[in-house]
Amino acid sequence: MRFGWNANATSIRMLGAAILAALLFLTAYTFIFLVEPFTDRWNTILINSFLVFASSGAAAMATLIWRRYDPADAPRRIWIYFAMGLWLWAAAELTWGYLNVTQGEVPEGISDLFWISAYFFFGYALFVQYQILAHPDRRGSWRLIVIAMGLLLALYLIVYSMLTAGIGAPVAFGTSVNAFYPAADLLLALLAFWMARRFRGGAFSRPWFGLLAFSFADLLYAWIELSGLYAWSVNQSNALSTLTDVVYLSAYLVLGWCILSQWVFMKYGLRSPAASR
Amino acid sequence: MPDFAEIIPASYQNVSPGFLETLIQARREELFTGLMRLTFISGEDFLAGFLEGTQQKLYHCHGAVSEVIPRQTWRETFGRGGASVGFLPLPLEAMRFVRVIHEVPVRQIEETTINAEELADAVAKWCRAQDPGIIHIQGGQVDRYYLIAGTSTPVIEELSILGGETRFSLNDASFPKTLPKLEYHVLRYLSEPGHDLWREYELRLAFHPFMRMLLSRFGELAGRVLTERLCEQMSTWASREGWNVSLSSNGIVNRQYFDSLENATRFYVELVERFSGEARPALGARMTENILQEILMKLDSYRRELLTRSILPPRGAASESGVAWRQNL
């Protein structure tokens, strides 16, 4: 090992350094929102770049975990789908950022296609994890899929009716798309919470906790955007919009850190303190 | 009780106490594992067991009865001159086998002459029985001993003797099918199930599939690399503690000669604790406890009860240090 640290010290230092880097990253992001140091266009480019960087980082970490597993390992299947979902989110952030910089307000479209399809991959990753944990038979697996789909539909209808009847969003394509995120997030959060509880205290619970954090940020974002309070450019930002964006980036950072911690555990964990390889 | 001394040829005649000491010293130096037979002019037979050069046991064999000689009086036996001496190298597994043969109590001896088909039926019945026993089968070239623990224990240890050579192997209840179709003289030494040696024997046989399934489940959850690392950590610990046990993702290789049931139990308890301690950072306390219980449930009720009673913590205690429940053992 470089620097002559043992495995345990390296793990702790790496995770500590990651927290420090994330805090600096978040501070710089908030600083741009609060101080608006550059022109509106450049501030918007930077803000979006932060999101693209954070989402790509999380996706890259997930890919590294996938690579650490042996091809015959069952968890490898989880991580390929998890990484694919995150790469789709990174692609969504990139297209959304590009559209935001070039045209300001971003209508529902190609970036939503990336975001929504990512949920399929996260859902499948969770399903594979469930299969490994619970060993359900074919009937049990189908029952779970049907229950999850039913729950998703029920949540979707509730959110949709709340948006149209509750806060007066128009019955339109945009509302239909935006109603999907809170519903899918809630479902994912429930499943991730169950998963995290099963792994309570273990390094393997962290990525699911990360997903849980993301669900919260996504819900907040969906609510602000649909209530019309979301500011589409940095220089027009308000406190609530800034908070939403900071929470949203924080969720990526939390998710990234959680994934990193599993990678660090896989690389250095379960070694004796004296091991220095 | 089968007299094992009979199968060891005498290589040295009329040995003086000094020369006997030299022979023993030579075995120590070559880290000999096996048996030494001492036969005195009076006709008394003694059998000494060596494990990597260290003398473990001394038995006084009186035909069907064996008596364990306390260590303090060994000098008296070795100080007598005029013995004929023979040695039989054996693998460690066979030494454990020999120990069972010579130390478990025998409450009844059944003697029959049956053919291979009848033997297959009898073995199937003995495997299901509650009482453990030692079986000695002779016929044609066949001269074999079997340990049948009963209570449907699937593994049957076998020690075969052919041309003065012994071979240890693991078998199952179908072994009579592999024997030539002959008439066999069968001696069954019925023993007491509660004896410490049988309990240690059963514990070892039950712990083997338990550990294999446990590591396989851990591997399923955490992957091959972490499983190998976990096994490496546990093997290092076992070696550091002086236990002749190693672990791999395929399970446990137990080459330890436990001198008492307490020592064996202590080792298994500590190994499970060590597994929990190593697995917990990866899987979490709850999942670690769950997989321990889950694997336990996969065992048949007898072995589940045996391991629960002897080794495993009650549900809820696996996440603790394990000290509290161990104190009640």
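From a predicted model like this one, the values you see are computed outputs, not experimental measurements. Note on naming: letters A, B, ... go to the chains in the order of the sequence lines (proteins, then strands), and numbering restarts at 1 for each one.
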Subject >> Toward chain B, the part of A/Ile78 with a non-hydrogen atom under 4.5 Å >> reply: neither

Subject >> Under 4.5 Å from a heavy atom of chain B, the part of A/Tyr69 involved >> reply: side chain

Original post:
For B/Thr153 and B/Arg303, does a side-chain donor sit closer than 3.5 Å to a side-chain acceptor?
Top reply: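 Yes.
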
Original post:
Can a donor-acceptor pair be found between the side chains of B/Asn254 and B/Tyr268 at a distance below 3.5 Å?
Top reply: yes

**OP:** Using a cut-off of under 4.5 Å on heavy-atom pairs, state which of B/Gly219, B/Gly223, B/Ala279 scores highest against chain A.
**Re:**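 Most heavy-atom pairs under 4.5 Å with chain A: B/Gly223.
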
Subject >> Among the listed options B/Ile291, B/Leu221, B/Leu230, B/Val225, the residue most often paired with chain A at heavy-atom distances under 4.5 Å >> reply: B/Leu221

Original post:
With sequence neighbours excluded, what pairs up with B/Glu202 under the salt bridge (charged side-chain N to carboxylate O under 4.0 Å, His left out) test?
Top reply: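 Partners of B/Glu202 under the salt bridge (charged side-chain N to carboxylate O under 4.0 Å, His left out) test: none.
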
Original post:
Just checking, B/Arg96 and B/Tyr201: is the charged tip under 6.0 Å from the six-membered ring centre and within 45° of the axis?
Top reply: no

